[in-house]
Trainee: 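Below is the structure I would like to discuss, written out as structure tokens.
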Amino acid sequence: MKILIIRFSSIGDIVLTTPVIRCVKDQIKNAEVHYLTKEKFKQVLSENPYIDKLHLYNDNYKKILPNLRNEKFDYVVDLHSNQRSFLIKAALGVKSKSVNKINLEKWLMVKFKKDKLPQKHMVDRYMETTSALRIVNDNQGLDYFIHNDDQVDIDQTFPQIDSQKYIAFVIGGSYFTRRLPKENVLSICKRLSQSIILCGGPEEAEVGEEIVKELQAQGFNHCVNSCGKFRLNQSASIVKQSSFVITNDTGLMHIATAYGKDIVALWGNTIPEFGMLPYRKNKMQFIKNVEVKGLPCRPCSKIGVDHCPKGHF
């Protein structure tokens with residue numbers, strides 16, 4: 001049976017689809033699993049052993065339609081559920097199932113603070129799309145695979161820290177309202193005795209350097225900055241080798257969960273009730289969700305914005 005799984009973006013959302021990929025591959029005899037996503041997210045899935053073929057596109061998905069039609073899929077599992085995925089399914093003309101993204105419920109929560117959200121994780125909603133295939137959740141958590149070339153040698157790269165026991169502090173985030181302010185990061189770092197590696201993308205490179213310099217000026221020499229210096233999967237390697245992870249609501253949070261890391265997750269304008277909280281891999285994994293309950297302006301959007309709508313953050 002040839003099955004196409006669709007999820008276009010983003011890092012965290014794609015990582016949350018990995019239980020579906022694994023369960024389909026493991027539970028359907030002779031299953032051939034294909035996955036369609038955007039080219040820029042190739043590294044998230046390129047090493048996944050449960051995917052037989054990865055289909056990638058840039059801006060124009062229509063260019064890949066002839067290749068998808070030639071595959072002659074038996075079933076499409078649509079884990080993105082938008083107009084683009086609808087058009088692709090229509091073009092393929094095979095049986096399919098789309099995820100319920102609970103957009104109405106999220107809208108009611110954001111606009112009117114009316115809580116009609118289902119008490120169900122996004123992973124479990126993804127798994128529901130495979131019920132017609134008689135797939136069940138194996139409860140083995142998330143997966144994340146990286147190539148050996150992306151393994152970071154902590155001792156060689158950061159000789160000034162304790163490579164055997166350090167905290168990965170993920171200060172990055174796709175939106176301003178999902179990133180902990182610099183002052184708060186500094187305050188936390190000062191209270192930690194373990195070595196710290198700050199993790200994030202190019203957007204956090206400058207603030208990461210500022211945090212390290214301000215800590216050093218105050219006599220703290222236990223923190224180094226990796227933001228913007230490594231590819232995603234190299235940052236995943238840094239997280240994988242850490243002893244503990246502090247993280248904003250971002251893709252590396254879900255990657256850390258896939259690696260079974262103990263996690264403190266920091267929540268800003270988004271809320272765990274949207275179903276995107278860390279998906280525990282095993283009973284021994286420690287996960288603490290930290291948020292300010294009762295703020296009348298929270299959540300202020302489904303995914304985040306580039307400024308505080310109230311002006312105070």
Side-chain angles (χ1 to χ4, degrees), residues 5-20 77-87 89 96-132 137 139 141-142 170-181 184 246-254 256-257 263-280 285-313:
I5 298 173
I6 300 174
R7 179 73 215 191
F8 304 125
S9 62
S10 53
I11 296 169
D13 299 281
I14 294 172
V15 175
L16 289 175
T17 70
T18 56
V20 174
V77 177
D78 178 10
L79 303 183
H80 205 106
S81 190
N82 65 357
Q83 183 180 17
R84 192 182 308 124
S85 65
F86 174 81
L87 292 173
K89 288 182 295 182
S96 65
K97 180 69 175 179
S98 300
V99 67
N100 178 10
K101 296 173 72 173
I102 60 168
N103 286 331
L104 174 60
E105 292 86 345
K106 289 179 180 179
W107 181 80
L108 288 171
M109 190 64 183
V110 169
K111 293 296 182 181
F112 304 106
K113 306 302 180 279
K114 291 187 178 294
D115 190 357
K116 301 294 183 181
L117 298 166
Q119 301 299 308
K120 187 173 290 186
H121 197 283
M122 191 72 230
V123 170
D124 297 313
R125 296 207 299 273
Y126 282 154
M127 290 300 305
E128 287 176 346
T129 62
T130 64
S131 59
N137 194 339
N139 296 312
L142 311 179
V170 182
I171 64 172
S174 49
Y175 295 93
F176 169 79
T177 51
R178 287 166 67 170
R179 294 194 292 266
L180 194 69
N184 299 68
I246 302 172
T247 177
N248 295 323
D249 171 21
T250 187
L252 279 174
M253 176 182 77
H254 298 298
T257 311
I263 294 173
V264 167
L266 310 172
W267 296 84
N269 81 282
T270 54
I271 57 175
E273 288 80 5
F274 282 165
M276 306 292 284
L277 68 165
Y279 194 72
R280 196 184 305 273
Q285 187 176 9
F286 170 82
I287 294 176
K288 175 69 173 177
N289 292 295
V290 179
E291 57 182 326
V292 180
K293 291 281 193 179
L295 289 180
C297 58
R298 184 172 175 265
C300 61
S301 77
K302 289 194 303 180
I303 55 176
V305 288
D306 60 4
H307 65 284
C308 171
K310 297 288 186 178
H312 53 65
F313 202 38

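Just so it is clear, the model here is predicted, and its values are computed rather than measured.
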Trainee: Side chain to side chain contact (heavy atoms under 4.5 Å, CB included) with Arg298: which of Ile271, Thr270, Asn269, Val110?
Mentor: Ile271
Trainee: Do the side chain of His121 and the main chain of Val123 share a donor and acceptor less than 3.5 angstrom apart?
Mentor: yes
Trainee: Find out whether Asp78 and Thr129 are in side-chain contact, i.e. whether some heavy atom of one side chain is under 4.5 Å from a heavy atom of the other.
Mentor: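 Of all side-chain heavy-atom pairs linking Thr129 with Asp78, none is under 4.5 Å.
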Trainee: Can you find a heavy atom in the side chain of Met253 that is under 4.5 Å from one in the side chain of Asn248?
Mentor: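 No, every pair of side-chain atoms sits at 4.5 Å or beyond.
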Trainee: Any donor and acceptor pair, going by atom type alone, linking the side chain of Arg178 with main-chain N or O of Ile303 inside 3.5 Å?
Mentor: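 Side chain of Arg178 to backbone of Ile303, a donor-acceptor pair under 3.5 Å: yes, one is there.
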Trainee: If you measure from CD1 on Ile287 to CG on Leu277, what distance do you get to the nearest 0.5 Å?
Mentor: 7.5 Å
Trainee: Would you find a donor on one side and an acceptor on the other, under 3.5 Å apart, between the side chain of Thr18 and the backbone of Leu142?
Mentor: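 No, because the side chain of Thr18 does not come within donor-acceptor range (under 3.5 Å) of the backbone of Leu142.
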Trainee: Quick one: which of Lys293, Lys113, Lys120 gives a salt bridge (charged side-chain N to carboxylate O under 4.0 Å, His left out) with Glu273?
Mentor: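 Answer after filtering Lys293, Lys113, Lys120: Lys293.
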Trainee: Any chance you could measure Lys106, atom NZ, to Ser301, atom OG, to the nearest 0.5 Å?
Mentor: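 Between Lys106 NZ and Ser301 OG, I get 10.5 Å after rounding to 0.5 Å.
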Trainee: Locate the shortest heavy-atom distance separating Ala256 from Gln285; write the atom from each residue and the value.
Mentor: O-NE2, 4.3 Å
Trainee: Which pair of non-hydrogen atoms, one from Phe8 and one from Ile14, has the smallest distance, and what is that distance?
Mentor: O-CD1, 4.2 Å
Trainee: At what distance, to the nearest 0.5 angstrom, does OG1 of Thr130 lie from CG of Asn137?
Mentor: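 That separation rounds to 8.5 Å.
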Trainee: Please say whether more than 12 non-hydrogen atoms of neighbouring residues, nucleotides or ligands are located less than 6.0 Å from CZ in Phe313.
Mentor: yes
Trainee: Tell me the closest heavy-atom pair linking Lys101 and Ser81, and the distance in Å.
Mentor: CD-O, 3.5 Å
Trainee: Any chance you could measure His254, atom NE2, to Ile263, atom CD1, to the nearest 0.5 Å?
Mentor: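 Rounded to the nearest 0.5 Å, the NE2-CD1 separation comes out at 9.0 Å.
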Trainee: Can you find a pair of side-chain heavy atoms, one from Trp267 and one from Pro272, that are under 4.5 Å apart?
Mentor: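 Of all side-chain heavy-atom pairs linking Pro272 with Trp267, at least one is under 4.5 Å.
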Trainee: Starting at CG of Leu16, measure out to OG1 of Thr257 and round the result to the nearest 0.5 Å.
Mentor: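 That separation rounds to 8.5 Å.
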Trainee: Can you see which heavy atom on Val20 is nearest to which on Met127, and at what distance?
Mentor: CG2-SD, 3.6 Å
Trainee: Where is the tightest heavy-atom contact between Thr247 and Val170, given as atom of each residue plus distance?
Mentor: OG1-CB, 3.4 Å
Trainee: Can you name the side-chain contact (heavy atoms from CB on, under 4.5 Å) partners of Asn100, sequence neighbours left out?
Mentor: Ile102
Trainee: Can you name the closest pair of heavy atoms from Cys297 and Lys310 and give their distance?
Mentor: CB-CE, 4.0 Å
Trainee: Might you confirm whether atom NZ of Lys97 has over 12 heavy atoms from other residues, nucleotides or ligands at distances under 6.0 Å?
Mentor: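 Counting neighbours around NZ of Lys97, 12 or fewer heavy atoms of other residues, nucleotides or ligands fall under 6.0 Å, so no.
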Trainee: Taking side chain as C-beta onward, heavy atoms only, is Asp13 less than 4.5 Å from Met122?
Mentor: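 Asp13 vs Met122: side chains apart.
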Trainee: Rounded at 0.5 Å granularity, tell me how far CD1 in Ile6 sits from CZ in Arg84.
Mentor: 10.5 Å
Trainee: Test of understanding: with side-chain contact (heavy atoms from CB on, under 4.5 Å), list the residues that count as partners of Ser96, not counting sequence neighbours.
Mentor: Val76, Lys89
